[in-house]
Amino acid sequence: QLQLVESGGGLVQPGGSLRLSCAASGSTLDYYVIGWFRQAPGKARESVSCISTSGTVTNAADSVKGRFTISRDKAKNTIYLQMNSLKPEDTAVYYCAATPHYSGSACFVLADQYPHWGQGTQVTVSL
């Protein structure tokens with residue numbers, strides 16, 4: 001069974017950077033759409049970014065445009081979220097998620113569209 005494990009979160013000062021990793025096991029990610037989501041306390045889970053099976057990227061959150069970059073390393077079966085110029089409002093638990101999709105440029109931005117989830121990693125941006 002596909003398993004996803006996030007890592008790389010932690011405490012960072014405003015303006016700093018973090019790179020989150022999502023390591024997959026049990027199945028290759030070649031035929032999955034991958035999304036990064038975040039959830040702050042008391043708020044709904046929101047899509048941050050998505051990458052299709054063909055590599056097309058969709059950034060669902062306007063607030064991260066130009067600051068966050070999703071990427072994949074096929075050899076390592078790992079997805080990354082590079083987070084730059086971090087702001088306090090970026091504080092949240094960040095999750096990676098995967099949904100089967102054979103091919104194409106489609107991305108999905110609703111949490112309910114993803115059956116596979118990691119455990120999440122806490123990102124705290126604070127002085």
Side-chain angles (χ1 to χ4, degrees):
Q1 296 293 322
L2 177 66
Q3 293 186 332
L4 304 172
V5 179
E6 301 97 332
S7 63
L11 176 64
V12 64
Q13 294 182 347
S17 298
L18 288 172
R19 189 181 73 166
L20 306 184
S21 298
C22 175
S25 61
S27 181
T28 176
L29 292 176
D30 289 354
Y31 303 116
Y32 289 86
V33 173
I34 309 298
W36 279 100
F37 291 77
R38 66 185 181 185
Q39 188 166 24
K43 297 184 179 180
R45 190 168 299 187
E46 69 168 342
S47 175
V48 175
S49 189
C50 172
I51 186 166
S52 76
T53 56
S54 66
T56 300
V57 172
T58 299
N59 292 312
D62 289 339
S63 62
V64 310
K65 182 180 179 181
R67 300 189 298 120
F68 291 8
T69 304
I70 190 172
S71 63
R72 63 185 175 189
D73 186 329
K74 290 183 177 292
K76 296 181 179 179
N77 210 31
T78 298
I79 306 296
Y80 301 98
L81 185 68
Q82 179 66 46
M83 309 165 65
N84 299 325
S85 301
L86 284 162
K87 304 175 181 179
E89 53 263 41
D90 295 320
T91 296
V93 177
Y94 284 73
Y95 301 87
C96 65
T99 189
H101 202 72
Y102 181 71
S103 65
S105 60
C107 262
F108 307 99
V109 298
L110 299 178
D112 287 347
Q113 295 174 300
Y114 290 85
H116 304 286
W117 291 83
Q119 82 290 346
T121 184
Q122 176 71 46
V123 172
T124 302
V125 185
S126 176
L127 294 172

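Given the structure is predicted, the values throughout are model-derived calculations rather than measurements.
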For Gln122 and Val93: C-alpha separation, side-chain torsions, deciding distance, then whether side-chain contact (heavy atoms from CB on, under 4.5 Å) applies. CA-CA 4 Å; Gln122 176 71 46; Val93 177; 3.2 Å; yes
By ring pair (Phe, Tyr, Trp, His ring centres under 6.0 Å) - contacts of Tyr80 (at least two apart): none
Output the distance between atom CD (Glu46) and atom OG (Ser63), rounded to the nearest 0.5 Å. 6.0 Å
Ignoring hydrogens and angles, tell me if any N or O in the side chain of Ser52 forms a donor-acceptor pair with the backbone of Gly104 under 3.5 Å. yes
When you look at Lys87 and Arg67, which way does the side-chain contact (heavy atoms from CB on, under 4.5 Å) test go after all the steps? CA-CA 10 Å; Lys87 304 175 181 179; Arg67 300 189 298 120; 3.9 Å; yes
Is it true that the side chains of Ser126 and Thr124 contain a donor and an acceptor less than 3.5 Å apart? no
Working to the nearest 0.5 angstrom, can you tell me the gap between Lys65 NZ and Ser49 OG? 12.5 Å
Looking only at the side chains, is there a donor atom on one of Asn84 and Ser17 sitting less than 3.5 Å from an acceptor on the other? yes
Is there a donor in the side chain of Glu89 and an acceptor in the side chain of Thr91, or the other way round, less than 3.5 Å apart? no
On a heavy-atom basis, the closest approach of Val33 and Ala106 is CG2-O, 3.4 Å
Give the other cluster members for Tyr32, using side-chain heavy-atom distances under 4.5 Å between Ile, Leu, Val, Met, Phe, Trp and Tyr residues; answer none if it is isolated. Leu2, Leu4, Val12, Leu18, Leu20, Leu29, Ile34, Trp36, Val48, Ile51, Val57, Val64, Phe68, Ile70, Ile79, Leu81, Met83, Leu86, Tyr94, Val123, Val125
Glu6 side chain to Gly120 backbone, donor-acceptor under 3.5 Å: yes
Taking salt bridge (charged side-chain N to carboxylate O under 4.0 Å, His left out) as the test, write out the residues that go with Lys74, two or more places apart. Asp30
Just verifying a value: how many Å separate Ser21 OG and Gln82 CD, rounded to the nearest 0.5 Å? 9.5 Å
Any donor and acceptor pair, going by atom type alone, linking the side chain of Thr99 with main-chain N or O of Tyr114 inside 3.5 Å? no
Please say whether more than 12 non-hydrogen atoms of neighbouring residues, nucleotides or ligands are located less than 6.0 Å from CD in Gln3. no
Set out, in order, the CA-CA distance, both residues' side-chain angles and the distance that settles ring-ring contact (aromatic ring centres under 6.0 Å, His included) for Phe37 and Tyr95, then state yes or no. CA-CA 5 Å; Phe37 291 77; Tyr95 301 87; 8.5 Å; no
Between Arg38 (side chain only) and Ala92 (backbone N and O only), is there a donor and an acceptor less than 3.5 Å apart? no
